[in-house]
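This report concerns only the one structure given below.
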2 protein chains.
Amino acid sequence: MILTEGHGQLAEVGYARFSARELAKRIGYSVGTLYNVFGSLDQLMLAINGVTLDGWRSYLQTRLLAAPPEDRLKTAISAYFEYAILNRHAWTAIYDFRLPEGVEAPDSYARKVEAIFDIVIVEIAAVLRPDRRDRAPALARSLLASVHGHCFFTINATFALLGEADPLGAAYARVSEAIEACNR
Amino acid sequence: MILTEGHGQLAEVGYARFSARELAKRIGYSVGTLYNVFGSLDQLMLAINGVTLDGWRSYLQTRLLAAPPEDRLKTAISAYFEYAILNRHAWTAIYDFRLPEGVEAPDSYARKVEAIFDIVIVEIAAVLRPDRRDRAPALARSLLASVHGHCFFTINATFALLGEADPLGAAYARVSEAIEACNR
DNA sequence: AAGATCAATTGAACATCGTCCAATAATTTA
DNA sequence: TAAATTATTGGACGATGTTCAATTGATCTT
């Protein structure tokens with residue numbers, strides 16, 4: 001309940017204007033309680049970003065459920081963009097927020113990231129030649145990065161600045177080429 | 001001088017811990033002066049990120065000057081990564097910082113981004129079939145996004161978390177495939 | 001040289017933030 | 001019921017972005 005409200009506030013105002021005090025006000029507790037529960041703002045942010053990751057994974061899964069077999073990859077990429085655009089602030093907060101140097105994210109958080117990654121691995125593997133399926137994880141990582149770049153440049157207006165009219169199409173083209181190259 | 005010192009502070013402490021008051025202290029002026037000169041923290045950040053963009057472009061150009069003709073693209077991608085890694089904090093600040101909604105970056109800033117983009121266009125065009133050279137701008141935008149994604153996941157530890165051992169190699173593979181596909 | 005005009009610079013004041021922690025309230029245990 | 005444990009509070013602290021009347025410094029006029 002703290003987390004859903006926190007996620008809500010983050011989605012509204014964005015990472016830069018997110019405030020623990022404001023969240024405390026919204027859930028009807030005092031600031032101190034938030035700190036007793038989470039220990040620090042960093043841990044709270046981590047937990048809220050975890051909610052976003054869960055929602056993102058869930059969105060991808062739902063969209064893929066209704067995807068025609070021949071269009072699953074396109075659906076996955078579209079869903080990636082859609083969630084980011086529909087949840088601009090929460091999505092960008094995943095990348096805006098960084099743990100202090102040296103501190104690394106707990107396993108629970110890493111698993112949420114891996115869960116999204118795993119969805120993509122399956123889809124990539126499905127379109128690879130059977131004897132090349134072992135390349136799916138590495139290819140999925142790389143294509144996830146490519147799609148992320150396209151999505152990020154869409155959301156932070158870099159593409160708009162450069163006059164790119166079809167970021168989604170470009171992302172899909174790059175993914176298709178890579179898979180084709182791997183299957184050749 | 002304000003800007004170089006500001007860029008220095010940003011490179012040291014990172015965007016999250018950057019402070020106008022601290023910068024004022026470093027340059028021997030008061031906070032108010034900083035605001036008189038730049039109007040707001042946003043404008044100051046924009047100007048400092050502009051310094052980073054200039055440095056980045058300059059780094060790319062320098063590295064390309066010494067690049068063997070057959071390896072120019074690989075050099076460009078490597079240089080992209082190198083600058084980001086060598087200037088973690090300043091580089092990530094380009095993406096951490098965002099203007100308030102509705103406000104867009106001034107032309108001077110857009111031109112700095114385009115300058116980096118233009119460097120890549122030239123290199124892409126050089127490896128495209130002459131009759132496909134018109135695709136260079138769009139392809140450059142897309143490949144820049146792909147490389148950015150790989151670089152970003154390298155720096156924010158997503159790749160480390162996923163066990164990716166060779167992000168640069170992956171980025172280069174994706175770029176090569178796209179160019180090959182375009183030339184086919 | 002003195003006075004007047006303009007520009008540059010200051011730093012205190014304000015609201016807000018993350019963080020801490022002794023004090024208080026609520027609940028559980030004995 | 002009394003004691004012990006847990007949950008919650010909210011004021012205090014230092015630091016932040018931002019503003020702006022007051023001050024200093026420079027330039028020009030006469």
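In this text, all values refer to a predicted model and were calculated from it rather than measured experimentally. Residue numbers start from 1 in every chain, and the chains themselves are labelled A, B, ... in the order their sequence lines are given, proteins ahead of strands.
With sequence neighbours excluded, no residue satisfies side chain to side chain donor-acceptor pair (under 3.5 Å) with B:D71.
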Report, one line per pair, each donor and acceptor closer than 3.5 Å where one atom sits in a side chain of residues 1-9 of chain A; sequence neighbours left out.
from: A:T4; atom 1: OG1; to: A:M1; atom 2: O; distance (Å): 3.1
from: A:H7; atom 1: NE2; to: A:T52; atom 2: OG1; distance (Å): 3.2
from: A:Q9; atom 1: OE1; to: A:S19; atom 2: N; distance (Å): 3.4

Using atom types as modelled, flag every donor-acceptor pair under 3.5 Å from a side chain in residues 24-34 of chain B to any protein atom, sequence neighbours excluded.
from: B:R26; atom 1: NE; to: B:E22; atom 2: OE2; distance (Å): 3.2
from: B:R26; atom 1: NH1; to: B:E12; atom 2: OE2; distance (Å): 3.3
from: B:R26; atom 1: NH2; to: B:E12; atom 2: OE1; distance (Å): 3.4

What string of B, S and - do you get for nucleotides 9-27 of chain C, 5' to 3', when a contact is any protein heavy atom under 4.0 Å?
BBB-B---BBB-B------
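Counting only residues at least two apart or in different chains, salt bridge (charged side-chain N to carboxylate O under 4.0 Å, His left out) contacts with residues 99-117 of chain A comprise A:D54-A:K112. Counting only residues at least two apart or in different chains, side chain to side chain donor-acceptor pair (under 3.5 Å) contacts with residues 171-180 of chain A comprise A:R174-A:E177, A:R174-B:S142.
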